Amino acid sequence: MKKTTWYYIFTFGIGYLIAKRKAKKIVTNVNTELTISEKIPFEVTEIIEAIGGVQNYISNTASLNSIKFKVKNIELVDKERIKKIGAKGVMMSDDNVTCLFGDYSKKLSTLINESKLV
C-alpha cells in the first residue's frame with residue numbers, strides 16, 4: 001500500500017475514535033435539574049372558559065407536566081378548545097379533566113389559584 005493510503009486510514013481512524021469518545025460523553029451526560037417554565041403561552045382566562053367557566057370550576061391540582069381540574073358538569077368542558085390552547089392531551093372522566101400542558105403546568109395551577117377569577 002502507498003504511504004498516502006496509510007495516512008488516510010490513520011487520520012480518519014483517529015478522527016473516528018475521537019468523535020466516538022465525544023459522542024459517548026455527550027450521551028452519558030445526565031440532566032440533574034428539573035425544568036419548570038415560568039412563561040405560559042396563553043391567557044389563564046382562556047383555560048377557565050374552556051373548562052366551562054368559573055361556574056363549572058371547583059378546584060385543580062398539578063403535577064410536573066399535567067393539571068387536573070375538578071368540575072361540576074363534565075359536559076360543559078370543550079376538549080377541542082383546550083387542545084387548541086396548547087394542551088398536548090386531554091383526558092376526561094366523571095368530574096375530572098386532566099390536561100397535559102408540559103413543564104408550565106405547575107405555574108398555570110398557581111396562577112389559577114392566585115387569580116381573582118375563581
Side-chain angles (χ1 to χ4, degrees):
M1 290 182 128
K2 293 183 178 180
K3 287 184 179 180
T4 55
T5 307
W6 283 109
Y7 175 76
Y8 285 125
I9 292 172
F10 185 72
T11 304
F12 288 116
I14 289 177
Y16 171 77
L17 292 175
I18 290 171
K20 187 175 178 181
R21 183 181 296 162
K22 283 185 179 184
K24 190 172 185 177
K25 202 179 267 188
I26 291 170
V27 168
T28 58
N29 189 11
V30 177
N31 186 4
T32 58
E33 294 180 15
L34 178 65
T35 305
I36 298 175
S37 181
E38 295 290 321
K39 190 173 185 180
I40 299 173
F42 55 86
E43 293 294 321
V44 177
T45 55
E46 290 180 59
I47 191 70
I48 296 295
E49 291 169 5
I51 61 167
V54 177
Q55 307 85 343
N56 199 34
Y57 173 84
I58 297 174
S59 65
N60 75 64
T61 54
S63 65
L64 290 176
N65 58 5
S66 68
I67 184 167
K68 186 177 189 178
F69 295 99
K70 188 167 182 78
V71 294
K72 294 177 186 171
N73 185 355
I74 197 75
E75 293 176 7
L76 296 176
V77 177
D78 189 353
K79 188 176 181 178
E80 293 305 315
R81 187 171 175 189
I82 295 172
K83 285 184 179 180
K84 284 181 183 176
I85 290 171
K88 294 167 183 67
V90 180
M91 295 163 281
M92 298 168 53
S93 67
D94 296 332
D95 60 349
N96 294 315
V97 180
T98 304
C99 306
L100 303 174
F101 280 113
D103 59 348
Y104 54 85
S105 294
K106 285 222 178 240
K107 182 65 176 179
L108 178 60
S109 175
T110 304
L111 286 174
I112 290 171
N113 290 333
E114 290 175 352
S115 72
K116 304 283 188 215
L117 301 171
V118 292

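Just the heavy atoms: all of them, side chains too, but no hydrogens, waters or symmetry mates, feed the values below. Because the structure is a prediction, the values reported are computed rather than measured.
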>> Which heavy atom of Val77 sits nearest to which heavy atom of Val71, and what is that distance?
In response: CG2-CG2, 4.2 Å
>> Go through it in stages, so that I can follow the logic: the residues are Asp103 and Leu64, the test is side chain to side chain contact (heavy atoms under 4.5 Å, CB included), and I'd like the CA-CA distance, side-chain angles, deciding distance and then a yes or no.
In response: CA-CA 6 Å; Asp103 59 348; Leu64 290 176; over 6 Å; no
> Are Val54 and Phe69 co-members of a hydrophobic cluster defined by side-chain heavy atoms under 4.5 Å apart?
Replying inline: yes
> Looking at side-chain heavy atoms only, is the closest gap between Ile112 and Ile48 below 4.5 Å?
Replying inline: yes
> Within a radius of less than 6.0 Å around CG of Asp94, do more than 12 heavy atoms belonging to other residues, nucleotides or ligands occur?
Replying inline: no
> Which residue pairs satisfy the salt bridge (Lys or Arg N to Asp or Glu O under 4.0 Å) criterion with at least one member in residues 75-93, sequence neighbours excluded?
Replying inline: Glu49-Arg81
>> To check you understand the geometry: which heavy-atom pair defines the closest contact between Asp95 and Lys70, and what is its length?
In response: OD2-NZ, 3.0 Å
> Is the side chain of Asn56 donor-acceptor paired with the backbone N or O of Leu76 at a distance under 3.5 Å, no angle test?
Replying inline: no
> Can you tell me how far CG of Leu111 sits from CG of Leu108, rounded to the nearest 0.5 angstrom?
Replying inline: 6.5 Å
> What heavy-atom pair brings Ile82 and Ala50 nearest, and what distance separates the two atoms?
Replying inline: CG1-CB, 3.6 Å
>> Going by side chain to side chain contact (heavy atoms under 4.5 Å, CB included), name the residues that satisfy it together with Ser66, two or more places apart in sequence or in a different chain.
In response: Ser63, Thr98, Leu100
>> Let me confirm one number: the SG-CD1 distance from Cys99 to Ile67, rounded to the nearest 0.5 Å.
In response: 7.5 Å
> Which heavy atom in Phe101 sits nearest to a heavy atom in Ala87, and how many Å separate them?
Replying inline: CE2-N, 3.5 Å
> Is there a chain of hydrophobic side chains (I, L, V, M, F, W, Y, each step under 4.5 Å between heavy atoms) that links Ile74 to Met91?
Replying inline: no
> Hey, what's the ring geometry for Tyr104 with Phe42, parallel, tilted or perpendicular (30° and 60° as the breaks)?
Replying inline: perpendicular
> Does CD belonging to Glu43 count more than 12 external heavy atoms closer than 6.0 Å?
Replying inline: no
>> Using the side-chain hydrogen bond (donor to acceptor under 3.5 Å, both in side chains) criterion, which residues pair with Lys68? Sequence neighbours excluded.
In response: none
> Any donor and acceptor pair, going by atom type alone, linking the side chain of Thr28 with main-chain N or O of Lys24 inside 3.5 Å?
Replying inline: yes
>> Any donor-acceptor pair under 3.5 Å linking the side-chain atoms of Asn60 with those of Asn113?
In response: yes
